[in-house]
Number of protein chains: 2
Amino acid sequence: MPAPSPSAARAGFPVSRQVLADHVYEALLEWLMDGRLEPGAAVSIDGMARELDVSPTPVREALARLEHTGMVRRVALKGYRVAPVFTREDFAELMEARLSIEPVNARLACSRMTPDGLDALKQAVEDLKTAPRGGTFAEYRSYLEADERFHQLIAAQANNQFLLAAYNTLGGQIQRFRLFGGVGITDAEQAIAEHQAVLDAMAGGDPEKAADMMTEHVEKVRGRAMADAPGD
Amino acid sequence: MPAPSPSAARAGFPVSRQVLADHVYEALLEWLMDGRLEPGAAVSIDGMARELDVSPTPVREALARLEHTGMVRRVALKGYRVAPVFTREDFAELMEARLSIEPVNARLACSRMTPDGLDALKQAVEDLKTAPRGGTFAEYRSYLEADERFHQLIAAQANNQFLLAAYNTLGGQIQRFRLFGGVGITDAEQAIAEHQAVLDAMAGGDPEKAADMMTEHVEKVRGRAMADAPGD
DNA sequence: GCGCCTGCGTTCCTATAGGATTTGTGCCAT
DNA sequence: ATGGCACAAATCCTATAGGAACGCAGGCGC
């Protein structure tokens, strides 16, 4: 159907070309990560195909991949739904998992840090500080993005493909919780200070301290969230 | 005609029915896990469809899910291949990741252990002891299966969906390494003793010791494997 | 001989069609 | 009024067809 551009043979196509299913995957992931698809909502294959103006086949493939991230769930012969909102137990489990992985990432990232990596981290913290944190979602969206980016960069700098994959799975869930956890951004000052503490330890080249600061950060995030949202 | 028996009206159909793509997924996973599909081998969509006597569509869906486990890799417009053999660095990274997750699993599993769970663990260790460890693959296949099962059970008993998901991703890679790491089973006696030590700590209800024993086990596995397979 | 290109088979990728299943609605019997 | 059945629409699931890209072999020019 997109006959006008049958091939990416134009100058400088990406090193690895993408197919339709990849674009669908990215579109769905973006919609999940920025709240356009709400927890519990049905994700119809045919419906998505109509909306994206593609056939159901690539949508099916993209959803099959997304299922493995835990962000959508499938019931045979019934279809896909966005994973439901976190319960209090889910959140506790997520934080427990973060506590077992992120401090390790921080320690490894610190000992293997590159100058570029450190710059990127500094930029993320800077973005956190300058990001608006107003009431509407569109406002503090960039704040959440910078938060997620900070942790993702550390996982990447740890230079371990398996830990990175494990974190990325968690990261999607964390971001979904940030969006739908019920609480807005009520702890920006403290969170920024904790991020800064991690960054300082990294810049100082102290792996153990970086790990400790990360542990402290995640524990405090857990404490604040559990206090803010006692319901459920 | 009062024929209200759609199809699954047989006695006790599974709570969640399966579709073709699920069967294809399981078949491929089994072939990957028992060595029938060797690292680097091409996994043709059409070819698999012919072999399994289904259309390419469910095969494509199954492979899309498998890609996210890291056991197969996809190159756009070129197809899927079984992930290549582990390099020495890959193995080191895998063990590093295990060391950050499995001791935590062991600690949590110990404090949350159920009697049934403990029985299953005991059975796994028993199976390890009695499994043949002869030279041919078919011989020590059950040994590898019991090994993987032991660790998987602990991850399940930890009662944390995220840690379980993280472990399962690692577990597939671990099993693939056990199969294709180049070394057969040269350390059964020591490995069994280490498993027994973990089990004893679990049975004794000492979470910290369980975690320590697990750490020790993984570290020793790493040490033995690095010594056995110095190449690469 | 070496490099390039041209043709062909294989494979991937997307769209489409049709069967199977679930869900929602309305009617009928109790 | 309530429960159950039948019918209809929407959706999922699988198969199939055809276009597009890749890999390879063979031939041509240098």
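Each chain gets a letter, A, B and so on, in the order the sequences are listed, and its residues count up from 1. Note that these values count all heavy atoms, side chains included, but never hydrogens, waters or copies made by symmetry.
- Under the 4.0 Å criterion applied to side-chain N and carboxylate O atoms, A:Arg149 and A:Glu145 are assigned as salt-bridge partners.
- The distance between atom CE of A:Met48 and atom P of D:dT11, rounded to the nearest whole Å, is 12 Å.
- Nucleotide D:dC13 holds its P atom 12 Å from the CD atom of B:Gln18, rounded to whole Å.
- The CG atom of A:Leu52 sits 13 Å away from the P atom of C:dT14 (whole-angstrom rounding).
- Between the side chains of B:Asp90 and A:Gln161, a donor-acceptor pair is found at a separation under 3.5 Å.
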Next item on the list: Report, as a single string ordered 5' to 3', how protein heavy atoms within less than 4.0 Å touch nucleotides 6-13 of chain C: B base, S sugar-phosphate only, - not at all.
Entry: -----SBB

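- Comment: B:Arg112 does not engage A:Glu93 in a salt bridge, judged by the lack of any side-chain N to carboxylate O separation of less than 4.0 angstrom.
- A salt bridge does not link A:Lys122 to A:Glu126: none of the charged nitrogens lies less than 4.0 Å from a carboxylate oxygen.
- For B:Asp187, the salt bridge (Lys or Arg N to Asp or Glu O under 4.0 Å) criterion is met by B:Arg224, not counting sequence neighbours.
- When the P atom of D:dC12 is taken as reference, atom CG of B:Asp22 falls 15 Å away, rounded to whole Å.
- The residues A:Arg222 and A:Glu102 are annotated as not salt-bridged, no charged nitrogen and carboxylate oxygen being separated by less than 4.0 angstrom.
- Within the 4.0 Å cut-off from OP1 or OP2 of D:dA15, at least one side-chain nitrogen or oxygen of B:Ser55 is found.
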